[in-house]
Amino acid sequence: MTNSKADTKQSPKKPFHIEVETAVSLTEKQLDGLKEKLSGILKTDNFILQVKQNPLLLGGVSLRLDSLMIDASVKGQLQQFQKEVEQNVSSAVDVQKLTAFFEKQVSDFKEKPIVKEVGSVISVSDGVARVSGLKSIAAGERVVFETGQHGMVLNLNPDTVDCVIFDDAEKIREETVVHRTEQMNTVPVGMELLGRAINPLGEPIDGKESLDHLPHHPVNVPAPGIIARDKVHVPIQTGIKEIDALVPIGRGQRELIIGDRQTGKTALIIDTILSQKAKNDQATDPKDKLYCVYVAIGQKQSTVRDIMRTLEKYGAMEYTVIVSATASDSAAMQYLAPYAGCTIGEYFRDNKMAAIVFYDDLSKHAVAYREMSLLLKRPAGREAYPGDVFYLHSRLLERAAQLSEENGGGSLTAIPVIETQEGDVSAYIPTNVISITDGQIFLESELFHKGIRPAINVGLSVSRVGSAAQTKAMKKVAGSLKLDLAQYREMLSFSQFASDLDPATQALLNRGARLTEIMKQPQYKPYEMPQEVLAIYVGVNGFLDQIALSDIAEYESKMQKEIMEKTPEIVEEIKKTKDLSDDVKTRLNEFLSDFTKSFLETKQEGNQK
């Protein structure tokens, strides 16, 4: 018993293991001096020094004890100086300012060791690194590997942390040193981002100047509370007749675009962005403008480039930001992309402006998150997605809001995209996002292949904000439109089996076919609000009933042109008042009756010849 107690008392402590790196080899005298200093700091002689020579340090010394690093090397001082230059000096700054900054920094220079927490890579595979050390790190914090790559901590284990790597994971090896940044993921924000294309880390991918001088905001922030919000009441003009009439979108809303691949989902987004051009050019107050953020997740680089070219061609990039994490980027980059885009949009919302963010698409985002979660060995649930995949999208889409006037009155609108398989909206991710959003625009492959474009299924598409996000003029013309179209589609499937139909059914089919035709719209041709009102007005009020289906596109084109030439005051009044008064209706009916009669006579004469 006595011996065991004595053994317990006498059990020796493990010596500290200290790694020392120097630019030049140390002499015996210098080594003894270093040991003496360390003994004084640690209050013990129980340590082992491992000295390595590293010419890359250029001068000075670097010490590492467990996860603590004290860097007193020339290289460390220069890196610190470089960070200060990047933070304080814009890339567009003039030479005089740059010179003055350098002179001040050199004159005020004081050598001080840099104390930081570091870790070492134990293993790395499939874009995930397991790192020892980093005992004080937080989940979600960004880290930097000594090889230059960036990563993010997602798993906090008892003795290690798991990091997902954003780029060039193959360059990282075992024993690679990992540095804490003591920052969560951030992205640059500001008006200077307009017209730019960046990756989710805020790095330019358009070959233009760096954005490091801009303020950086964290990509994960809480959504505004209930009290800070206002009801959705300001319409967003998408320029697409069928959307603005049947499934209107308001500022601060979350409207889902859902459908199979190759049904025109991205085409709706591009047309909506192009539609803002006219209004933004006319607006004098920034509050009246609508800034666009397009987030491309897991798409081909060529597709993103084509979209950017299209927006540049039509002059829409001047009020648009593109955030891109393509199929060739890591799952971690694709995971981060929507949050980065949302943060950029929130800058406009929080500064009393309006923005709209398009997430194209969240199906690929969920797949990227599933890949990361499985590699991090998190438990898999339905369809192998992790248990928090609902929260993944809800915390993103909840950040869309129309703020109250007391909170600035800014707005952020979210338009997520979901790709379905064979039209199956009951799959896991589609049902999740449908339940989060305020309505959905359902695109159908069958309609698309029939040439009905945009291929919107009127029966399944809905806006839960409804007419609150419509102008008075649009409300008046679109009131019966949805019911008429839904009845027509329903009746059409039954009429294929019937030999003879009663006059009421024939009239319904006739009207429905013409309404379907007038709703067709070519790509890159967004309409202004008065044009949409006129097109729908001629359909719901029976002016098309006598027009052949093949002539409706020509009829509409000529009608829009002639009304601007002969009675432009009607269009101006609709545009100004955003209403359809009885007086305007009377004048419009007169014009349309004369025009329709003239059009039919011209067609009859052409047929006789």
Side-chain angles (χ1 to χ4, degrees), residues 190-197 206 208 234-245 248-251 253 255 257 264-296 303-324 341 344-345 347-349 351 353-358 360 410-415 417 441 453-454 469-471 473-474 521-535 556-557 560-561 564 568 571-572 574-576 578:
M191 299 298 284
E192 289 177 56
L193 272 176
L194 296 171
R196 301 298 301 272
D206 52 8
K208 297 178 185 174
V234 182
I236 284 178
Q237 181 72 20
T238 67
I240 299 157
K241 290 178 280 189
E242 204 159 0
I243 292 178
D244 291 335
I249 301 169
R251 288 188 178 182
Q253 192 178 340
E255 184 78 8
I257 298 174
K265 299 186 295 295
T266 304
L268 290 185
I269 289 172
I270 295 169
D271 280 353
T272 303
I273 295 173
L274 298 183
S275 178
Q276 309 314 313
K277 171 76 176 160
K279 193 173 182 184
N280 284 358
D281 286 349
Q282 291 161 12
T284 50
D285 186 354
K287 275 188 89 168
D288 295 331
K289 293 186 177 183
L290 185 65
Y291 298 101
C292 303
V293 182
Y294 177 73
V295 183
T303 306
V304 179
R305 188 69 189 103
D306 288 344
I307 290 167
M308 191 173 175
R309 280 200 191 100
T310 303
L311 296 177
E312 283 171 344
K313 179 184 173 184
Y314 290 96
M317 273 306 287
E318 62 196 41
Y319 54 84
T320 305
V321 184
I322 292 176
V323 180
S324 174
I344 291 165
Y347 167 83
F348 299 104
R349 183 198 70 194
N351 285 280
M353 293 177 275
I356 182 168
V357 188
F358 304 93
D360 193 9
S411 72
L412 179 66
T413 309
I415 309 290
V417 175
I441 298 163
R453 298 173 191 177
Q470 277 180 318
T471 58
M474 187 60 83
Q521 192 170 335
Q523 200 177 348
Y524 309 140
K525 293 278 168 60
Y527 280 48
E528 289 194 37
M529 188 269 292
Q531 292 176 302
E532 291 181 332
V533 170
L534 291 171
E556 192 208 344
S557 175
Q560 297 275 16
K561 190 178 177 185
M564 286 303 293
V571 180
E572 282 304 313
I574 294 171
K575 191 174 184 178
K576 191 177 177 183
K578 296 179 180 176

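- Counting heavy atoms from C-beta outward, Val417 and Thr266 have side chains that stay 4.5 Å or more apart.
- Annotation: the span from Ser411 atom OG to Gln253 atom CD amounts to 11.5 Å, rounded to 0.5 Å.
- Taking CD1 of Ile236 as the reference point, atom OG1 of Thr272 lies at 9.0 Å (rounded to 0.5 Å).
- With sequence neighbours excluded, the residues that form a side chain to side chain contact (heavy atoms under 4.5 Å, CB included) with Pro530 are Glu528, Val571, Ile574, Lys575.
- Between Lys208 and Gly195, the closest heavy-atom pair is NZ-O, 3.7 Å.
- Taking each heavy atom of Ala355 and Gly345 in turn, the nearest pair found is CB-O, 3.8 Å.
- Taking CD1 of Ile356 as the reference point, atom CD of Glu255 lies at 10.0 Å (rounded to 0.5 Å).
- The side chain to side chain contact (heavy atoms under 4.5 Å, CB included) search around Pro454 returns Ile240, Glu242, Leu268, Ile456, Gln521, not counting sequence neighbours.
- A salt bridge links Lys241 with Glu556: the distance from a Lys NZ or Arg NE/NH1/NH2 to an Asp or Glu carboxylate oxygen falls below 4.0 Å.
- Remark: the backbone N or O of Lys279 is not paired with any side-chain donor or acceptor of Gln282 at under 3.5 angstrom.
- Scored by the side chain to side chain contact (heavy atoms under 4.5 Å, CB included) test, Ala197 finds Ile205, Asp206, Met308, Ile322 as partners (sequence neighbours excluded).
- Remark: Lys277 pairs with Asp281, Glu318 by the salt bridge (charged side-chain N to carboxylate O under 4.0 Å, His left out) rule, at least two apart or across chains.
- Partners of Arg251 according to the salt bridge (charged side-chain N to carboxylate O under 4.0 Å, His left out) rule, which considers only residues two or more places apart in sequence or in another chain, do not exist here.
- For Glu192, there are no salt bridge (charged side-chain N to carboxylate O under 4.0 Å, His left out) partners, not counting sequence neighbours.
- Side-chain contact between Pro248 and Gln470 is present, with heavy atoms from C-beta onward closer than 4.5 Å.
- Note on residues 266-276: no pairs pass salt bridge (charged side-chain N to carboxylate O under 4.0 Å, His left out), not counting sequence neighbours.
- Atom CD1 of Ile243 sits about 4.0 Å away from atom CD1 of Ile441, to the nearest 0.5 Å.
- Taking 4.5 Å as the limit, some side-chain heavy atom of Tyr524 sits within range of a side-chain heavy atom of Leu274.
- Take Thr238 and apply the side chain to side chain donor-acceptor pair (under 3.5 Å) test, not counting sequence neighbours, and it matches Asp244.
- In this structure the side chain of Ile273 reaches within 4.5 angstrom of the side chain of Leu311, judged on heavy atoms.
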With side chain to side chain contact (heavy atoms under 4.5 Å, CB included) as the criterion, how do Val357 and Leu412 come out once you've worked through the C-alpha distance, each side chain's angles and the decisive distance to 0.1 Å?
CA-CA 7 Å; Val357 188; Leu412 179 66; 3.4 Å; yes
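- To the nearest 0.5 Å, atoms CZ (Phe348) and CG (Leu193) are separated by 7.0 Å.
- The side chain to side chain contact (heavy atoms under 4.5 Å, CB included) test applied to Ala267 returns Gln523, not counting sequence neighbours.
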Donor-acceptor pairs are to be reported for all side-chain atoms of residues 287-295 against protein atoms at under 3.5 Å, with residues two or more places apart or in another chain.
from, atom 1, to, atom 2, distance (Å)
Tyr294, OH, Gln299, NE2, 3.1
Tyr294, OH, Asp360, OD2, 2.7

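- Taking CD1 from Ile269 and CZ from Phe358, the interatomic distance works out to 6.5 Å, rounded to the nearest 0.5 Å.
- For Arg453, there are no salt bridge (charged side-chain N to carboxylate O under 4.0 Å, His left out) partners two or more places apart in sequence or in a different chain.
- Glu532 meets the side chain to side chain donor-acceptor pair (under 3.5 Å) test with Gln237; sequence neighbours excluded.
- Across every non-hydrogen atom of Ala473 and Val533, the tightest pair is CB-CG2, 4.0 Å.
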